[in-house]
Amino acid sequence: MTKQDRTAPKPGTLTKIPGYNTLTIYQMEASPFWYVRMYEEGKIYRRSTKTTHKQEAVRFAKKYFGEVQLLKMKMLPANRESSFELVARSLQQDNKARLVRAEISHTKFNYDAARLEKDLIPAFGNMRLGDITYADMSAYVSKLREDRNLAKSSLKVHVSHLKTVFKHGHRIGVIASLPAFPTIKTEDIARPWFNSKQYDTLQRTARRCIGKSFKQKTQKGVPLRNIPVTQELYDLILFMTNTFIRPTDIKVLKHKDVAVVRKDATYLRLTHAKTKGHSNPMISLPSAVNTYEKIKARQVAEGYGKPDDYVFQPERGEKQRDYALRSLQRQFEQVLIEAGLRTDEHGQTRSLYSLRHTSIMLRLLNAKNLDTLTLARNARTSVEMIDRFYAKPLTAEMNVDLLHSVRRPRKAKEPKIVIDDEEDAA
């Protein structure tokens, strides 16, 4: 018997799957397993079902048919046989279109894709979406907790991703209703920040470290790299604390996004690209103007400072923006170590984000009659986020003067008569 004969369908085993175009299953002499085969636009698709049972082979064939169609972008899954993997990949295709429309960020899209491949598809990929139960999802969460000791906030992200897949499946007709989902209770933890005394220490330490180089080591004490602390880091500390900007926005901020405004008040207006669903201009505190002008003057002397140049690490260029931010983060971490401020009083690790948290907290503490809506919009966040995370460490005693203040009663004014008709005036 030739090799071709051994791979040809056995007589009597070739079975067409009704309602699935050219989809068929068959057995051959070369393998005990059933095989699936289909023709699409002149191309033959063939795969082993890895099973000797015909009914299991039929179920596999239907799933495979959906996968091929999805890859070709010709249809979406819309029947009870659709697997979790098929629906999840369909959702990713939808999100890819949303990414093009700037409705979601590249970071979210990439994190979702990584979570899908690493965790969700290995756990649920071969299961029909309609067959996945609360117990299945609860077991998945427990396994993540046991195997990787994930924090509650991370587990909550996994459950949220599961919900999104199921909602997509419901929209496209794969399931008639949504199942119950595990509930992960998390406690809002205040963001680490610097009080006035700590911030003064940070500034002095950063200034003292300029021009020095520190050896970074691994946890086992093996030398890793040299980290030189630069004037740019000191400027970054002042800039971030006085502009409310996120570290992730620092890496994309260009000089054309910054305008110096001198009217009744003096400030910077930042109009960088939309971040986390917010696109409002950000208004700085007055001292940020002096910091920015020093940055620009230094960069002009170095051959940068043009409108399309980046405000920080311009020498890294467009393709090295992530590396540029990491370079600044490493310098900042070293300064924190030198200042004894790496962690706060609750044991939380500080980072560049702590500068943004500090700018918001100091406004909550020191600004006169500043409402949280104005602060939230200027910082490109929400009032809820301000209350849940930033203002969490704010106590009544911190604003005792405001709490004890008394509004003076206004004196009643005599009604003013306005004459606007010539006849009445006569």
Side-chain angles (χ1 to χ4, degrees), residues 17 19-25 33-38 40 43 45-51 53-99 104 108-144 147-148 150 154-182:
I17 309 298
Y20 286 83
N21 298 333
T22 62
L23 186 68
T24 57
I25 59 171
F33 300 132
W34 284 89
Y35 274 73
V36 58
R37 184 178 69 186
M38 60 185 291
E40 289 286 336
K43 185 176 180 179
Y45 294 83
R46 184 185 291 109
R47 181 178 293 183
S48 170
T49 67
K50 301 295 184 183
T51 181
H53 300 284
K54 188 173 183 178
Q55 289 305 313
E56 290 180 7
V58 170
R59 286 195 290 270
F60 181 93
K62 291 178 179 179
K63 176 176 175 290
Y64 180 63
F65 177 85
E67 290 174 352
V68 172
Q69 299 304 320
L70 179 61
L71 289 173
K72 293 171 57 187
M73 293 299 294
K74 281 194 169 181
M75 61 178 291
L76 291 172
N79 61 71
R80 286 283 297 171
E81 298 299 325
S82 297
S83 68
F84 176 89
E85 180 178 2
L86 195 61
V87 177
R89 294 197 185 282
S90 168
L91 173 62
Q92 276 297 92
Q93 290 296 331
D94 270 16
N95 284 341
K96 194 171 184 178
R98 294 180 63 200
L99 182 65
I104 60 173
K108 173 178 169 48
F109 182 83
N110 292 335
Y111 277 142
D112 284 355
R115 191 181 308 110
L116 203 60
E117 300 298 336
K118 182 179 180 181
D119 297 310
L120 294 175
I121 287 178
F124 302 107
N126 291 326
M127 299 177 69
R128 294 192 309 174
L129 189 69
D131 291 343
I132 298 173
T133 65
Y134 171 87
D136 295 324
M137 290 183 279
S138 184
Y140 168 75
V141 170
S142 297
K143 193 171 189 314
L144 285 177
D147 293 351
R148 287 157 52 189
L150 292 185
S154 297
L155 295 175
K156 199 167 185 177
V157 172
H158 282 259
V159 173
S160 177
H161 197 157
L162 280 169
K163 285 182 181 179
T164 308
V165 173
F166 274 86
K167 287 178 181 178
H168 181 72
H170 182 257
R171 282 196 300 270
I172 62 179
V174 174
I175 53 176
S177 60
L178 297 176
F181 297 95

Could Asp112 and Lys108 be called an ion pair, given the rule that one side-chain N must be under 4.0 Å from one carboxylate O? yes

Pro179 and Met137: which non-hydrogen atoms are nearest, and at how many Å? CG-CE, 4.0 Å

Please step through side chain to side chain contact (heavy atoms under 4.5 Å, CB included) for the pair His161 and Leu120, ending with a clear verdict. CA-CA 9 Å; His161 197 157; Leu120 294 175; 3.5 Å; yes

Is there side-chain contact between Trp34 and Lys50, with at least one heavy-atom pair below 4.5 Å? no

Give me the ring orientation class for Phe84 and Phe124: parallel if the planes are under 30° apart, tilted from 30 to 60°, perpendicular past 60°. tilted

Distance-minimising heavy-atom pair for Leu116 and Pro122: O-CD, 3.8 Å

If you define the side chain from C-beta out and look only at heavy atoms, does anything of Thr24 sit under 4.5 Å from Met38? no

Any heavy-atom pair between the side chains of Asp119 and Tyr140 that's under 4.5 Å? yes

Are Ser154 and Arg148 side-chain neighbours, meaning at least one heavy-atom pair lies under 4.5 Å? no

Is the count of non-hydrogen atoms from other residues, nucleotides or ligands lying under 6.0 Å from Tyr111 atom OH greater than 12? no

Look up atom CG in Leu91 and atom CZ in Arg171, then write down how far apart they are to the nearest 0.5 Å. 7.0 Å

Where the side chain of Ser83 meets the backbone of Met127, is there a donor-acceptor pair that is under 3.5 Å apart? no

Can you list the steps and then say if Leu129 with Leu86 is a side chain to side chain contact (heavy atoms under 4.5 Å, CB included)? CA-CA 9 Å; Leu129 189 69; Leu86 195 61; over 6 Å; no

Stepwise, does the side chain to side chain contact (heavy atoms under 4.5 Å, CB included) test hold for His168 with Val87? CA-CA 7 Å; His168 181 72; Val87 177; 3.9 Å; yes

Ring-plane angle category for Phe181 and Phe166, please: parallel below 30°, perpendicular beyond 60°, tilted otherwise. perpendicular

Contact between Val141 and His158 at the side-chain level, heavy atoms closer than 4.5 Å - yes or no? no

Rounded to the nearest 0.5 Å, what's the gap from OG on Ser48 to CZ on Phe33? Could you check? 6.0 Å

Between Ile172 and Ser90 the two heavy atoms that sit nearest each other are CD1-OG, 4.3 Å

Within-4.5 Å side-chain heavy-atom neighbours: Phe109 and Gln92: yes

Could you give the distance from OG1 (Thr49) to NZ (Lys63), rounded to the nearest 0.5 Å? 12.0 Å

Can you tell me if His170 and Ser177 form a side-chain donor-acceptor pair at under 3.5 Å? no

Ion pair present between Arg128 and Glu85, side-chain N to carboxylate O less than 4.0 angstrom? no

Checking Ser142 side chain against Ser138 main chain: does a donor-acceptor pair fall under 3.5 Å? yes

Taking it one step at a time, do Leu178 and Lys163 satisfy side chain to side chain contact (heavy atoms under 4.5 Å, CB included)? CA-CA 8 Å; Leu178 297 176; Lys163 285 182 181 179; over 6 Å; no

Between Ile104 and Asn95, the two heavy atoms sitting closest are CD1-O, 3.4 Å

Considering all heavy atoms of both residues, which atom of Ala61 and which atom of Leu23 are nearest to each other, and what is their separation? O-CD2, 3.5 Å

Do the side chains of Val36 and Arg46 get nearer than 4.5 Å, heavy atoms only? no

Are any non-hydrogen side-chain atoms of Tyr45 and Lys43 less than 4.5 angstrom apart? yes

